[in-house]
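All remarks here apply to the structure that follows.
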Amino acid sequence: MDASPFSAPSRLDAPAPSPHNRWMLSFILRRVFQSVLVLLVVGLVAFAMFRFVGDPIDTMLGQERTMADIERLREVLGLNKPFFIQYWDFLVRAVQGDLGISYRQGRPVAEIIAERLPATLELALVSGALALFFGIVLGIFTAIRRDGITAHFVMTVSLIGVSLPTFLIGVLLIYGFGVGIDIRIPFTDTVINTGGMPTFGRGDTDIVFGWFFGGFRSGFGTWDGVQSIILPAITLGLYQMTLIMRLVRAEMLEVLRADYIRFARARGLGDRAINFRHALKNTMVPVITVTGLQLGSIIAFAIITETVFQWPGVGLLFINAIQFVDIPVMAAYLMLISVMFVAINLIVDLLYVFIDPRLRVS
């Protein structure tokens, strides 16, 4: 019997998933599988490196230790097990949220990292925001005014952010704005000192961003906290700002030479519409990819800035863990950075596919 045209469609009549949806699902699954594989390899390499850092038993026991004490502590910590068994036990506990106990502090590693992580995220977000804002603005300016004196000056000064290492930039900022330099105003007896900026720690803290950090304390609560983050944020974000600026400038210049830009000029469109409505949109496609990866590098390379400014984040925690051979803390830090890098890379890949339709077509 033929179905009535007014009857409800059956399951067999339901439309099949589109090829685009199947492709997106396959793409996401492949990326997730690759991300998990990368995390496993990074964890394996990190555990292999820990065997050459030192023996934590030497720092945990005193000079009067005996062989019996050493063997008993090794058994308690699980260090007498084979390497792959230790690695597997760490992965199983990490999936359950247990990152082990710190050899130095005797506290859960997850609790220690939870106390330090807001400081690192705070520094990374401020540095990333400064690098992204000034990098895009200066990149657009130097592309549009590429023959101007100011643009050439900005490009020359930007070489400082590429050439100098991060720790040297931090030391120079501490000397220039922390210790200070006396500058005498010409034709007067007035002397101005450029110092006075905080160069140690986060300063006085207050509860801000509690809704984001789950009640953790942040240094943005007072003016002292704002001052304390200025120099570390500039130190950490200067290289990324220079990289983003040069990338935006190069992409902008390439787009401005495209045929459709010439056609837009021939139609009589103004410079503002051409530069910001047409050229900038196509410029931002590769910038999003690089910016996402640079945000992950900011979090990873914050270890140098945190050491120079004694910023109480996970980077400084990792340095102290190396000195005391605190293997659970070192393993948790490396896995945390790896998860952030992989997650950011995965998000950037997905955004790139959504933004650029040519990838979906191919």
Side-chain angles (χ1 to χ4, degrees), residues 123-173 176-177 194 197 229-302 304-305 344-345 347-348 351-352 355-356 358:
L123 179 60
L125 290 177
V126 175
S127 302
L130 292 177
L132 184 61
F133 176 77
F134 288 103
I136 293 178
V137 171
L138 293 177
I140 296 173
F141 175 79
T142 54
I144 297 176
R145 307 292 184 183
R146 54 186 176 275
D147 296 327
I149 299 177
T150 306
H152 287 293
F153 176 76
V154 172
M155 293 299 298
T156 303
V157 175
S158 67
L159 294 176
I160 298 177
V162 179
S163 304
L164 295 181
T166 302
F167 73 91
L168 183 56
I169 295 175
V171 172
L172 292 176
L173 289 178
F177 299 98
T194 61
M197 296 290 294
I229 201 174
I230 292 177
L231 296 183
I234 294 175
T235 302
L236 185 58
L238 186 60
Y239 174 78
Q240 281 74 20
M241 184 203 72
T242 305
L243 182 63
I244 294 174
M245 182 195 72
R246 290 179 170 270
L247 176 63
V248 171
R249 180 180 183 272
E251 293 293 333
M252 192 82 171
L253 291 176
E254 183 177 355
V255 171
L256 289 175
R257 289 192 292 264
D259 293 335
Y260 71 91
I261 296 294
R262 298 193 184 100
F263 179 73
R265 295 187 188 277
R267 289 178 55 196
L269 293 180
D271 291 338
R272 178 176 299 180
I274 292 175
N275 293 331
F276 296 98
R277 187 182 303 173
H278 296 281
L280 184 59
K281 289 183 179 180
N282 292 284
T283 300
M284 295 306 296
V285 174
V287 173
I288 291 176
T289 303
V290 176
T291 301
L293 298 179
Q294 288 304 309
L295 181 60
S297 65
I298 285 178
I299 299 176
F301 298 145
I304 302 175
T305 304
I344 292 175
N345 195 9
I347 293 174
V348 168
L351 287 177
Y352 204 26
I355 293 174
D356 193 348
R358 293 172 298 181

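Please read all numbers here as calculations on a predicted model, not as lab measurements.
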Q | Inter-residue atom distance Ile234.CD1 - Ile229.CD1, 0.5 Å rounding | A | 11.0 Å
Q) Counting only N and O atoms by type, is there a donor-acceptor contact under 3.5 Å from the side chain of Ser127 to the main-chain atoms of Ala124? A) no
Q: Only counting residues at least two apart or in another chain, list the ones meeting side chain to side chain contact (heavy atoms under 4.5 Å, CB included) with Leu172.
A: Leu164, Leu168
Q: Give, for atom OG1 of Thr166 and atom CD1 of Ile304, the distance between the pair rounded to the nearest 0.5 Å.
A: 5.0 Å
**Q.** Heavy atoms of other groups near Phe141 CZ, more than 12 under 6.0 Å
**A.** yes
Q. How long is the gap from CD1 on Ile230 to CG on Leu173, to the nearest 0.5 Å?
A. 11.0 Å
Scan the side chains in residues 145-152 for donor-acceptor partners under 3.5 Å anywhere in the protein, sequence neighbours excluded, and list what turns up.
residue : atom : partner : partner atom : Å
Arg146  : NH1  : Ala143  : O            : 3.1
His152  : NE2  : Arg146  : O            : 3.4

Q) Does Arg249 reach the main-chain N or O of Leu138 with its side chain, forming a donor-acceptor pair under 3.5 Å? A) no
Q) Rounded to the nearest 0.5 Å, what separation is found between the CE atom of Met245 and the OG1 atom of Thr142? A) 5.5 Å
Q. Where is the tightest heavy-atom contact between Ala233 and Val126, given as atom of each residue plus distance?
A. CB-CG1, 3.8 Å
Q) Between atom OH of Tyr239 and atom OG of Ser158, what is the distance when rounded to the nearest 0.5 Å? A) 12.0 Å
Q. Distance from Thr242 atom OG1 to Met155 atom CE, nearest 0.5 Å?
A. 9.5 Å
(Q) Checking Ile140 now: which residues fulfil side chain to side chain contact (heavy atoms under 4.5 Å, CB included) with it, not counting sequence neighbours? (A) Ile136, Ile144, Val248, Met252, Phe276, Leu280
Q | Nearest non-hydrogen partners of Ala131 and Gly237, listed with the distance | A | CB-O, 3.5 Å
